[in-house]
**Q** 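Sending over a structure as structure tokens; questions will come in a sec.
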Amino acid sequence: MPRSRRGDQPRSARPAPGATGARRPRVRWPRSLAGQLFAVQVVLVGVVVAGYAAFAYVSAGRQAEETARRQTTAVAAAVADAPAVARAVRSADPTAELQPYTERLRRDAGVDFIVVMDPAGKRWTHPEPSAIGRTYLGRTEEARAGRTYTETHRGRLGPSVRVITPVRDREHGGRVVALVSSGITVEAISDGLRQEVMALAAVAAGALALGGLGTYLVNARLRRHTHGMNAAEIGRLHDYHEAALHAVREGLLMLDGERRVALLNDGARELLGLRGDPVGRPVTALGLPAPLTGTLLSPAPHTDELHLTDDRVLVVNTSPVSGGERRGTVVTLRDHTELQALSGELDSVRGVTRALRSQAHEAANRLHTVVSLVELGRTDEAVEFATAELELAQALTDQVVGAVAEPVLAALLLGKAAQANEHGVELELTADSRIDDGVLPPSLPPRDLVTVLGNLLDNAIEAAPEGARVRVTALADGGELLLRVADNGGGVRGAADAEDVFRWGWSTKGGAGRGLGLALVRQAVRRHGGTVRVGEAPGGGAEFTVRLPLRAPAGADAAG
């Protein structure tokens, strides 16, 4: 027999709506944060308005009762103090004189009854003529004793708030000759209160509607800003956001519309060398180089721009964040220091390779010349030609190797000599150059020396005209490493001052836009606590002097 589906169960098998175990529908709260806040705020506004309405109702009831008590007190006192009442009491028929007077006064004063009675409580007046002559329903002891008092008592007209006061005969010593009671029924008070409550309910409904409308508008705006997400989704998104920021190795920097730091990750803090908590600080107060600060302040997007800090080469990308108005900028930073150093070394290797290729062709030509001289039988001339070239090349090699024991620097100088020869420039190592083996400390890595000396030689070779000479001095003495490169080219024309030549994009080849060579030189020199200066060479041209301490400056290891 096939199994019946859940919907095919007989009606008798289904649980009754009120039976135990029946599943009750749960109240489903809105999923979005804005919807939850809207529900909470509507409930809160409703509770506040209802509480205020209840308080106003109780306060209005008390106020209405107090007003009725004051009103009846004033009416009773006015009747008791009237001389006509005292004269009417002494007359043979007090009712005939007092009944028209009290009824007219009752209608004018807006009270429900005014009763004048003798001290024993026998009524002389009443709104209902049939009650005249009967005994007053209520306490009269205090009034007979000469005191005015109020009470709420159920009389002939129903429950009422009433005042009883004595009538004194001023002509006979002020004795109590009658009693006056004035009152307003509770029903009349309730009718007045009901009208006030209706007005109060209308005001409360208006306040609730206005509060609900304001809450809806505020939460609609919040819903747009939170994209309809609930609190759990926003919290989860924040956790992912924090994890992603710390996981990304590239630098990420976010600026608000006023160019203040809104957010940054650990990579950006390290790449920019920021200390403390920079969040909330303007970009201009971060102490960054002027070109980098200008890029961060620029409203236009920037793509793959190279910028130098004190110890790094950074690739900077900026993208504005806009949503109807400018909200800020997203900045990404990539460390290009190692790649730039390797790129510089690769350029040097390529230059040496081109020079060696050229020399290989020249050596082949010279070898053909020597072979041809031998074939012509001029052996002596062939030997003299070959040995002259060997002695010239060997002399430069012996000079470099003998003066510079550091193998990396020696190889760099020999490679640059070949590169200079390719450009028609003579590279000369001065006689006072001397770097012994083991003098350079581990804190001064050969790569940085290659960066400094290699870029200075490249700029000098490019700046020197064909047939010129580039003089190099490399001396380690007195706890200091001196590197001096001089050429007899055109000098540093076009620079406003000596610092301009070390800015990014400046070149001794004449103008801006040439690259990072001299800027990298200054960066590497400053990183090791040294100095770099540029001046005019003795024979014209430019002379760059670098001084590096052979001992690490205090705190350098900790900073590293």
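We count residues from 1, following the sequence as given.
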**Q** Decide whether Thr430 and Thr473 meet the rule of one side-chain donor and one side-chain acceptor closer than 3.5 Å.
**A**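 Present: a donor and an acceptor within the cut-off.
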**Q** Nearest heavy-atom pair of Arg334 and Glu250: which atoms, and what distance?
**A**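 Smallest heavy-atom distance, with atoms named: CD-OE2, 3.0 Å.
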**Q** Looking at Ile461 and Val425, what are the two nearest heavy atoms and their distance?
**A** O-CG2, 4.3 Å
**Q** Could you pull out the closest heavy-atom pair between Thr318 and Ala300, with the gap in Å?
**A**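 Shortest heavy-atom contact: OG1-O, 3.7 Å.
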**Q** Test Leu264 against Leu274 for side-chain contact (heavy atoms from CB on, under 4.5 Å), laying out the working first.
**A** CA-CA 10 Å; Leu264 79 165; Leu274 300 178; 3.8 Å; yes
**Q** Under a 4.5 Å cut-off applied to non-hydrogen side-chain atoms, are Leu440 and Leu449 in contact?
**A** yes
**Q** What distance do Glu406 atom CD and Leu412 atom CG have between them, rounded to the nearest 0.5 Å?
**A**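 Interatomic distance, Glu406 CD to Leu412 CG, rounded to 0.5 Å: 10.5 Å.
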**Q** Using the rule given for salt bridge (charged side-chain N to carboxylate O under 4.0 Å, His left out), can you reason through Asp432 versus Arg434, listing the C-alpha separation, both sets of side-chain angles and the distance that settles it, and then say yes or no?
**A** CA-CA 6 Å; Asp432 58 344; Arg434 185 74 182 180; over 6 Å; no
**Q** Give a yes-or-no answer on whether the side chains of Ser298 and Thr295 include a donor-acceptor pair shorter than 3.5 Å.
**A**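 No.
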**Q** Give a yes or no on whether the backbone of Leu252 and the side-chain of Asn265 come within a donor-acceptor separation of less than 3.5 Å.
**A**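 The answer is yes, because a donor-acceptor pair under 3.5 Å joins these two groups.
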**Q** Roughly how far, to the nearest 0.5 Å, is the CG atom of Leu427 from the CG atom of Leu414?
**A**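 Result: 9.0 Å between the selected atoms.
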**Q** What verdict does the side-chain contact (heavy atoms from CB on, under 4.5 Å) test give for Arg259 and Leu296, after you've listed the backbone C-alpha separation in whole Å, the side-chain angles of each residue and the deciding distance to 0.1 Å?
**A** CA-CA 8 Å; Arg259 297 299 187 274; Leu296 298 181; over 6 Å; no
**Q** Under the criterion side-chain contact (heavy atoms from CB on, under 4.5 Å), I'd like the reasoning laid out for Val316 against His302: C-alpha separation, chi angles, the key distance, then a yes or no.
**A** CA-CA 7 Å; Val316 180; His302 297 264; 6.0 Å; no
**Q** Using every non-hydrogen atom in the two residues, find where Arg269 and Pro278 come nearest and quote the distance to one decimal.
**A**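 Between these two residues, the closest heavy atoms are NH1-CD, 3.3 Å.
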**Q** What distance do Thr369 atom OG1 and Glu381 atom CD have between them, rounded to the nearest 0.5 Å?
**A**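 Those atoms lie 13.0 Å apart.
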**Q** Please report the interatomic distance OG(Ser443) to CZ(Arg527), rounded to the nearest 0.5 Å.
**A**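 Atom-to-atom, Ser443:OG and Arg527:CZ are 12.0 Å apart.
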**Q** Roughly how far, to the nearest 0.5 Å, is OG1 of Thr531 from CG of Leu548?
**A** 7.5 Å
**Q** What's the separation between atom CG in Leu255 and atom CG in Leu297, rounded to the nearest 0.5 Å?
**A**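 Nearest 0.5 Å value for the CG-CG distance: 8.5 Å.
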